[in-house]
Amino acid sequence: MILTTHPALKEIRSKVESKERLSLDDGILLYDPQIPVNDIGQLANIVRERINGNVGYYNINTHLNPTNVCVYRCIFCAFRADLRSDKGYVMDDEQIVARGTEAVTNGCTEMHIVGGLHHQKKFEWYKNIIELLANQHPSLHLKAWTPVEINWFEFLTKRSIRDILQELVEAGLGSLPGGGAEIFHPEVRDKICEHKAETHKWFEIHRTAHQMGIRSNCTMLYGHIEKPMHRIDHLIRLRELQDETGGFQTFIPLAFHPENTGLDHIKKPSALMDLRTMAISRLMLDNIAHIKAYWIMLGIGTAQTALSYGADDIDGTVRHELIYHDAGATTPELLTVDRIEDLIREAGRVPVERDTLYRKVIRDKNDPGKWTAGEKIPEVV
Ligand code: V47
């Protein structure tokens, strides 16, 4: 039951019930603190259950950040390192393959691979990482390189986005992760990540990927210098590309973690702001099937609660996450499958293990490390 009498919320509620799209103004209004988060959560839950029923998805995955050395100096990033700093590292082939072996041994279906743009590494170095892992561990889905890396490869090779993606797919790339989106509006983007893959590039790369049949995710980094208008503008831009291509699988709102960044004077968003943003994302992105509550970034309690505020996916078991932990995340390094399933059940949802492409995972009863992809989860939106 919706308790608030806020007149505008009534109008938004009737839009949600009749599946009418919310506007920029609707979205901005939902950030008004006078509208209780609970009420927005209830609306988001209508959409969440319409699209995903009572299921809470998760996967078994690991992260790989082959280097943290980066030519860019994004002000929000605690992970990057200068070329000659003591903090900088570059993994060698042996370490990379060992990570793959560890992942497969632990039943992972996915490896999430992103990293810095190393001053001295060529495109071939990045491609080789994919090739090595795909050859040694063909069962792992490689979700790798954001538009920030792909745009860097364009600069390095002077080749087209399509050619680069084609070569990466031939090497074993499975899909693109959602990073590098930050905030698209130039009033913010120019201040937090200057020259890094400009907004039009980010979209051109995802559009090209989708046209080639490569699925991808999308994100939004919130809780720093942006205003509600910038967030809603960001969501609408994503919604427009999705109308055109249908290639996004999931949206992940990413709460800013300030520690060890150039914005460490800013406070981390509160749990209520996280839940509000989750719910508003579900309501605005009526054409993206999944909304992910990334527990590493939200904390376990908020991620679990988010399953009733629009989210239907809690990401994965996750190993070796560095980007958030370098920025002060206090979440554990990994969660076991039992713990994830318990969290989902406690939230009143039915846990379902999915692979990266949102197919149900069928585990071999005698050897749980072995799996096959089952039916595709319908993307009814
Ligand atoms: O693009 C970097 C963000 C992103 C900080 O596709 C920060 O399934 C908060 O995209 N505080 C990378 N955020 C992570 C990412 C992601 C995560 C989980 C799943 C998927 C997926 C994608 O992390 C960056 C940036 O927006 N980020 N530094 C920070 N200090």
Side-chain angles (χ1 to χ4, degrees), residues 57-59 61-65 68 70 72-81 109-117 141-151 174-184 188-189 192-193 196-197 199 202 206 209 214-226 231 234 238 247-269 273-274 277 288 290-299 303 311 313-331 354-358:
Y57 295 106
Y58 71 94
N59 72 347
N61 65 344
T62 186
H63 285 218
L64 175 75
N65 307 119
N68 60 350
C70 192
Y72 289 131
R73 291 169 171 248
C74 300
I75 196 163
F76 57 80
C77 183
F79 166 70
R80 73 161 300 281
T109 58
E110 168 190 286
M111 189 179 261
H112 173 129
I113 312 173
V114 292
L117 309 179
H141 177 106
L142 305 177
K143 181 181 75 174
W145 314 134
T146 72
V148 178
E149 286 100 336
I150 307 290
N151 182 222
S175 64
L176 302 184
E182 325 314 359
I183 286 283
F184 294 130
V188 175
R189 196 172 190 82
I192 62 168
C193 50
K196 185 175 94 171
T199 293
W202 194 97
H206 279 274
I214 305 168
R215 302 304 300 269
S216 70
N217 296 340
C218 50
T219 59
M220 171 173 77
L221 178 66
Y222 66 92
H224 42 91
I225 61 165
E226 87 293 352
R231 295 181 202 141
H234 187 96
L238 292 173
F248 289 127
Q249 305 193 100
T250 181
F251 170 76
I252 311 119
L254 297 170
F256 177 54
H257 279 236
E259 230 173 271
N260 306 320
T261 75
L263 294 171
D264 59 3
H265 57 285
I266 294 178
K267 275 206 219 93
K268 198 169 159 265
M273 182 51 77
D274 291 337
T277 301
I288 297 186
H290 303 284
I291 304 285
K292 200 189 270 189
Y294 184 39
W295 63 264
I296 288 267
M297 162 279 277
L298 289 170
D313 191 304
I314 202 160
D315 198 73
T317 45
V318 186
R319 270 163 204 273
H320 302 297
E321 198 287 332
L322 292 178
I323 295 175
Y324 277 88
H325 286 98
D326 279 1
T330 53
T331 40
R354 57 147 182 101
D355 71 359
T356 313
L357 299 174
Y358 283 86

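Counting starts at 1 for both ligands and their atoms, following the listed order.
Salt bridge annotation for Glu182-Arg189: absent, with no cationic side-chain nitrogen under 4.0 angstrom from a carboxylate oxygen.
With hydrogens left out, the protein atom closest to atom 4 (C) of ligand 1 is Leu254 CD1, 3.7 Å, a heavy atom. Closest protein heavy atom to atom 17 (C) of ligand 1: Tyr294 CE2, 3.6 Å. Remark: minimum distance from atom 11 (N) of ligand 1 to any protein heavy atom is reached at His257 N, 2.8 Å. Nearest protein heavy-atom neighbour of atom 6 (O) of ligand 1: Gly178 N, 2.8 Å. Scanning the protein for heavy atoms near atom 25 (C) of ligand 1, the closest one is Glu182 OE1, 3.1 Å. If you check which protein heavy atom lies closest to atom 13 (N) of ligand 1, you get Tyr324 OH, 2.7 Å. The shortest contact between atom 20 (C) of ligand 1 and any protein heavy atom is with His112 CE1, 3.4 Å. Annotation: atom 2 (C) of ligand 1 to nearest protein heavy atom, Ile323 CG2, 3.5 Å.
Those atoms of ligand 1 that come under 4.0 Å of a heavy atom in Thr219, given as number and element, are 10 (O). Per-residue contacts place Asn217 under 4.0 angstrom from the following atoms of ligand 1 (heavy atoms of the residue considered): 6 (O), 8 (O), 21 (C). Short contacts between ligand 1 and Gly179, defined as distances under 4.0 Å to a heavy atom of the residue, involve ligand atoms 1 (O), 10 (O). Close contacts between ligand 1 and Ala327 involve ligand atoms 30 (N) [criterion: under 4.0 Å to a heavy atom]. Heavy-atom contacts of Thr261 reach the following atoms of ligand 1: 30 (N) (cutoff under 4.0 Å).
Within the 4.0 Å heavy-atom shell around ligand 1 one finds Lys292.
By the 3.5 Å distance cut-off applied to N or O atoms, Lys143 is counted among the residues near ligand 1. Where the criterion is an N or O separation shorter than 3.5 Å, residue side chain and backbone included, Cys77 fails it with respect to ligand 1.
Between the side chain of His290 and the main chain of Ile252, no donor-acceptor pair closer than 3.5 Å is present.
Between the OG1 atom in Thr331 and the CD1 atom in Ile296 there is a gap of 4.5 Å [rounded to 0.5 Å]. Interatomic distance, Asn61 CG to His112 NE2, rounded to the nearest 0.5 Å: 8.5 Å. Atoms NZ and CE, from Lys267 and Met273 in turn, are 12.0 Å apart once rounded to the nearest 0.5 Å. Separation of atoms CG (Leu322) and NE2 (His325) is listed at 9.0 Å; rounding is to 0.5 Å.
The aromatic rings of Phe184 and His234 lie parallel to each other, with less than 30° between the two planes, well short of the 60° mark. Tyr358 and Tyr57 have perpendicular rings, their planes meeting at more than 60° on a 0 to 90° scale where under 30° would count as parallel.
Checking Tyr222 against Asp274 by side-chain atom types alone, a donor-acceptor pair falls below 3.5 Å.
With a 4.0 Å cut-off on non-hydrogen atoms, Pro177 touches ligand 1 through its backbone as well as its side chain. The proximity of Ala255 to ligand 1, defined as any non-hydrogen pair under 4.0 Å, is limited to the backbone. Contact annotation: for Phe256 versus ligand 1, heavy atoms closer than 4.0 Å belong to both the backbone and the side chain. When non-hydrogen atoms are compared, ligand 1 lies under 4.0 Å from the backbone of Phe76 as well as from its side chain. Residue Ile252 touches ligand 1 through its side chain alone, judged by heavy-atom distances below 4.0 Å.
Minimum heavy-atom separation, Lys143 to Leu176: CG-C, 3.9 Å. Of all heavy-atom pairs between Cys218 and Ile288, the closest is SG-CD1, 3.8 Å. Gly316 approaches Trp295 most closely through the heavy-atom pair O-NE1, 2.6 Å.
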